[in-house]
Each structure stands twice: as C-alpha cells, then as structure tokens.
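Sequence lines set the chain letters: A, B, ... in the order given, protein chains first and strands last, and positions in each chain run from 1.
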Amino acid sequence: MSEHTASSPTNDEVDSSPDFLSCPPIFVLPTHLSLESLHEIEEDLVKRNARLTYDISEARLILGKIGQEKRAALELRSRGVWTEPISKYEPPTKRRRVEAQEPVKSARQDDIIDLSTETEDEEDGMRSRHGPSRHLNRPKPPSASASTPHPSIASSDQSDVISVVKLDWLNQCLQAQELLSIEPYLVYLARQIPSPAKPQPNQPTKTTTKSADILQRAKQDAVLQPPPPPPTHNHHSRTHTTHQPPPLPQTTTSEHDEVVSPHSPPPWVKNNIIYACLRSTPLHPPNEDFINQLLKIRHIRELTLDEIGVRAYSTSIAAIAAYPHEIRRSSEILSLPGCDTKIANLFHEYQHSANHTLATANELDISPSLQTLHTFTNIWGVGTKTARDFHYNHNWTTLDDIIEHGWPTLSRVQQIGLKYYDEFLQGIPRPETSHIAAIVTKHANRVRPDAGTPIQCAIVGGYRRGKPLCGDVDLILTHRDEHITKNLVVDVVASLESEGWITHTLVLHLMHSQRDQQTLPYRASDDSTAPGKNFDTLDKALVVWQDPHFDDSDHHHHHSHADTDSEEEKTRQKRKRNPNIHHRVDIIVSPWRTVGCAVLGWTGDKTFERDLRRYVKKTHGWKFDSSGVRERTTGGQVVDLEAGGETWEERERLVMQGLGLGWRDPEERCTR
DNA sequence: GCCA
DNA sequence: CAGTACG
DNA sequence: TGGCCGTTACTG
C-alpha cells in the first residue's frame, strides 16, 4: 500500500538516518494520503527524531502531497492557519503572540480572607463554617511563548514563517540518508497572519472534504474487513473467535510496526450499534487512557459553550469505552460508530506522542482562562454561562474574587456551593454511601410507621455502576403502596433535618406536572388524594448531608485549648465545629408502579441515559424517563412494561427488556 | 463531530 | 425567560 | 442538511 517507501524492512544498520532533530516542527498534510501511508510517514519522521506535531499551528515545516502554492495556502487556511505568501528573500518579521492575555485588571494581589463572607451568609441559616476561601490552584501567568531556538534546516524556523514542502523531499532525504535542502521542493513559503475577524470556521473547503473522503473509504473498509495486515507476507492471521488476539508474531526488530493481527470486531461494531445503551461499557475499559484525553477535550468544549461538540465527543467516548480491545491502530477507530477521522487522527497523535497526550487536551492544563472556568463550574449552581460571566464580565479569576466582589449577587445555592466547594469535590467512599443510605432508609420507615412492609431503598447513580468513589449519593425510596410514597420526600427530609443529617436543601423537585394528570387519570380518582392535584407530591430532594456526630469532647488534650479560646468562646459552649465533610445527596421517591423506570433512569451514565431516550423515541416512538414510559402521541398513554415485577431489580429488568435493551448490568453502563 |  | 440540575 | 435527552423541573 505504501506509495511511499520509507521504512525499509531491512533496516539493519541505518535505521535512523538522517536525523531530523534540527528541523522545525513538522506537520504532515493528510490530503491525498491514505491513513496508512500518512501514519507510515509520521512514524518514519518520529523514528528519526523529527519534531512532529499534530497541531498545525505549531508547525513551521509542512509536508504534503501537493504541488501548487495556491493549493498549499488553501490547505493551511482550511485548517485555521491564515497565511500570506512571502518572497524567499524577504526578511521575516516577528509576531507570535500565542494567546492574547486578558488585560491585567488591577486585582489586589493578596487575598483578604473574608470574615465578610461568613457573616453575610446567614440568610437561610447557613452556619458560618469557615469560608470557602481555600487555596485554589491559581492560574499561572502564561509563560512567554518559548519557542526554543534551534538550527533550522532552511532558515524557515522563524516564528511566523511556514514552509510547505513536497513530500518528495522526505523520500529523497531518506534515500540519501542525509538532510537535503528543501529549496527544490518548496511549494509555498508563507508568513502566518491573524485570521480575519473572528476565527470563522469557514466552510470546509473541498480539499478537506476530499481527504475526508479517502478516510471515509478507509472507514468502510475497516468495517467490512479488519485492517489488512501490512504486507508482511507470513502469517495468515486466522479469524480468532473471541477477543484474544493470537500471540503477536515476533519481529525481533522494528517494534513499531503493525505486524499484528487485527482484532475481531465485537458484534456491536459489525452491526453498527450507535446507541450506547445497547452496549456493554465497563468502568475501566482497555482504552481508558485515551478516553481520559478525549474527556479533557470534551470538557473544553463544555467550557467554551460548544454543546454540539460535547455531544459529539460524548458519542465517540462512549463507543471507545465500549470497545473491548486495546486499540492498536487508528483504523480500528474508524470502524466504531460515532467515531470518524477526527477521532482517528487524535488517536494517532495520542499513540505517537511522547507522553501519550493530546495537544488540544493539554490546553485544559495550560490555559489560565480554561482553568478559571473549570474552577468556577465546579461550584454547585454555577454552570458554564455563569462561569464565563464571572470570568469575562467581572474579571474574576479565583473563588476569592467571587466571594469578595460578588457574594451578595450569588443565588442561595451558589453560596452554598461555594461554601462547601472543596468538600463537595471530595469523592464519597462506598462504605460511607451505603451508610448514608441506611440512615435515610431508617428515617423513611420512621416517618411511615404503618407501612406494613418496609420502605425500600435502592442506591443508584455512580455507586451502582461500581465506582469506588462517588461524586454524590443517589437514593431511590419506594414502597408498593402509593399512599406510603406520597409526600415521603418532604417527611424524610424533615426528619433528617431535625436530626441534623441534612444541613441544607438545595432544591426540591416536583414530579407530577400538570400535564401528567392526563397520563394517570386512573390514579387521580383511585387515590384517596382525590382533590385535584397534589402539588405537594415531591419527587426528589437535592440536599447537603453531614454526619452530625463527632467527638467534641476535649478530654484528650484536656486543659488549655490555648489556641481557640480567643474569639469563639461564645459559640463553644459545648459545640465545637462539626468537622465532618459535607456531601451532596439526592433522595428520590418513586411510586412502585414505575420504580423500574426510576432505577433504570438513575443508574446509567449521562450518555447512556441520553442514548436511551433517543433510542426509545426512534424505535418505539415512546418517551422514556425516570417516571415512566409513555406514548409520544398527545395524551401520552402510559406504557407499563414492568407490571408483575416483584422487586425493583426485577422491574428494572422488565423495563429494559420491554424497551428492547436486553439486560445490561449496572457496571456495564459506564459510558463516561 | 457524527449520522440518518 | 435563561440558567442549572439530574442520570 | 437537520438533529443531537427531556413538551425534564426548579429557581429567580
């Protein structure tokens, strides 16, 4: 396949000459190249110490299978790099401002930790815990773009000068085993200029379309027949039945070669199953490291308000997370539903980068703005819009900035979120989660002493998926008798509040909206709650939890607590501050008749749930949510799929089967 | 960004 | 109404 | 080329 014969199989002696280390960062244009040969070229370069980059904006030397200057400019522009031609003798100017940093807005440089904060927070009885003013990784100033000087092969290492060179140059260099002048191969010598106006992601330009077509074909091939083992004569890789590739043929030398048998695609790949809810997705998939990189990119998309990008990356991530083999070649990616050339190229970059990272993903770590936004969105009650408002309109960069300058403008829940910022970010261990569940269950039964049979509690969410640490605790309370579950949330929360377990109620959700009246007309009359609609039937409560018990006896260091007696003698009669961590707990109450839906709807990961709704809509025309399955036709008749299930587990299974999902263990719904 |  | 939350 | 979860439900 290689229309470019760089890697000689007989590489006894000279495997790595010439050495491209002295060349400026190199980018290889994929245009007119198959994925295979593109990767082959890149591997040849890497092997010879080239500073290969996958971020074209970093590249100063660009290799491509193109011959015309105009075409070269088009290629660059379609990738977001705007250029103007320069004559070969014009002295380069310097430019290169990486990231225009925001005006330095005179922030007072030190943080006054606020007594102010804690006194102002009393409005709903927040106890003044010490302020949320914790150290936050404060953004580092952008390091001046350090473009290390290096000898340049053809002078074009200047910061803003880009050379587009025919691929043939590389071939000749390899053949000659020495670096040749790029001069005869130079297609386009350009200076990078700022993109006009806003960074318009202009039309894809047919060149990219074209290269995408090639890869598209590769994708189809990949689906039908696993990527052809490279022309390595020997070895008929037999189609092995299960996922367990036969031992790799030892090719004593060149380790970088894909001389391995292809994986047999799992059925969902062959059948192009696009819904994550129809696949098995474990908590720790074989390609977790790569997924973690993609998760960072997705997060950047979130912080930059690119909702569609978030959706797209979620789809790709879910597919890769379901893939049961460690991916060896980017062409494998192309075979996965929800993944295309973009992700395949990212995988290739990941695979060949020194530390297995992606340049785009690294932005999250190095961009001060992104870090600030990341910090802000971690406040419960602050989403991406508000985070950007804080940062870009108010010029706040730290939590202390918000506290100092914006505290009174925050909503109640945002104040709570800020107050317990660090504590909410602490993962909750499984034993603690089950302990919390036991206490909630105990109180539920305490407030329904005549229930006959006990109220049951299902721990759902991340806990049920098997996570060792959970971001919050999700509990579903249910009972066969609807009289028992009615108003249960209010009563349980009140009971837990009175004992001090719940310190704040962030929000109460009311499940039966007015529209739902029509969906359960049979209930409206049957229930003793006949009069109209019970507006007080609460479905879930999002609360702040703290174990009220702690050791406040001083007898260990009896006598002289010389440290604390200064200012709080007043509050310290017998109550010292409760040192226990505050956690987020969601208490959901479900009537028995739909508890299978509730459990199914609260166990899956986000992408699992989104795809579940899409799937149910597409294949049945129904609407699924955690409160039931309905017809989508107006008036939405209830579709009862779980009738007869005697346990909530059984009812969940019935729902899954009724929806056509088959069964999938909770631990297999980890779509990320 | 991917797909029907 | 926009924004946020839930999985 | 349009659609992407939810006619979510709550807050302010």
Given [options], the nucleotide with the shortest approach to the side chain of [X]:
X	options	result
K385(A)	dT4(C), dC2(B), dC4(D)	dT4(C)
D474(A)	dT4(C), dA9(D), dG7(C)	dG7(C)
D472(A)	dC2(B), dG7(C), dC5(D)	dG7(C)
W380(A)	dC6(C), dC2(B), dC5(D)	dC6(C)
R412(A)	dC2(B), dG7(C), dG12(D)	dG12(D)
V507(A)	dA9(D), dC5(D), dT11(D)	dT11(D)
R311(A)	dC5(D), dG7(C), dA9(D)	dC5(D)
N272(A)	dA4(B), dG6(D), dC2(B)	dA4(B)
K540(A)	dC6(C), dC4(D), dC2(B)	dC6(C)

What's the [atom1]-[atom2] distance between [X] and [N], to the nearest Å?
X	N	atom1	atom2	value
I274(A)	dC5(D)	CD1	P	11 Å
D306(A)	dG1(B)	CG	P	8 Å
F376(A)	dG3(C)	CZ	P	18 Å

Regarding [X] and [Y], is there a side-chain donor-to-acceptor distance under 3.5 Å anywhere?
X	Y	value
R311(A)	T315(A)	yes
E497(A)	T505(A)	yes
E332(A)	H325(A)	no

Nearest-nucleotide 5' precedence on DNA chain D, E631(A) against S411(A) |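 On the 5' side of the pair lies E631(A).
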Quick one: on DNA chain D, does L506(A) or I308(A) contact a more 5' nucleotide (nearest heavy atom)?
-> I308(A)
Under 4.0 Å, heavy atoms only, any strand: does [X] hit a base, just the sugar-phosphate, or nothing?
X	answer
I343(A)	sugar-phosphate
V382(A)	sugar-phosphate
S626(A)	nothing
L612(A)	nothing
D586(A)	sugar-phosphate
G309(A)	nothing
R465(A)	sugar-phosphate
F608(A)	nothing

Phosphate oxygens OP1/OP2 of [N]: is one of them under 4.0 Å from a side-chain N or O of [X]?
X	N	answer
R584(A)	dC6(C)	yes
K618(A)	dG3(D)	no
K606(A)	dA5(C)	no
R632(A)	dC5(D)	no
R301(A)	dG1(B)	yes
R613(A)	dG7(C)	no

With under 30° as parallel and over 60° as perpendicular, where do the rings of Y350(A) and F290(A) fit, or are they tilted in between?
->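 Answer is tilted, since the angle falls between 30° and 60°.
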Can you list the steps and then say if Y323(A) with W268(A) is a side chain to side chain contact (heavy atoms under 4.5 Å, CB included)?
-> CA-CA 9 Å; Y323(A) 193 64; W268(A) 60 265; 4.3 Å; yes
Could you please spell out the steps behind the side chain to side chain contact (heavy atoms under 4.5 Å, CB included) verdict for L659(A) and L612(A)?
-> CA-CA 9 Å; L659(A) 294 175; L612(A) 176 54; 4.2 Å; yes
If we take the [atom1] atom in both [N] and [M], what is their distance in whole Å?
N	M	atom1	value
dC4(D)	dG7(C)	P	23 Å
dT8(D)	dG1(B)	C1'	26 Å
dC5(D)	dT4(C)	C1'	15 Å

Cation-pi check, R465(A) to W602(A): give yes when NZ or CZ is under 6.0 Å from the six-membered ring centre and within 45° of the ring axis, no otherwise.
->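 No - R465(A) does not lie over the ring of W602(A) by the 6.0 Å and 45° rule.
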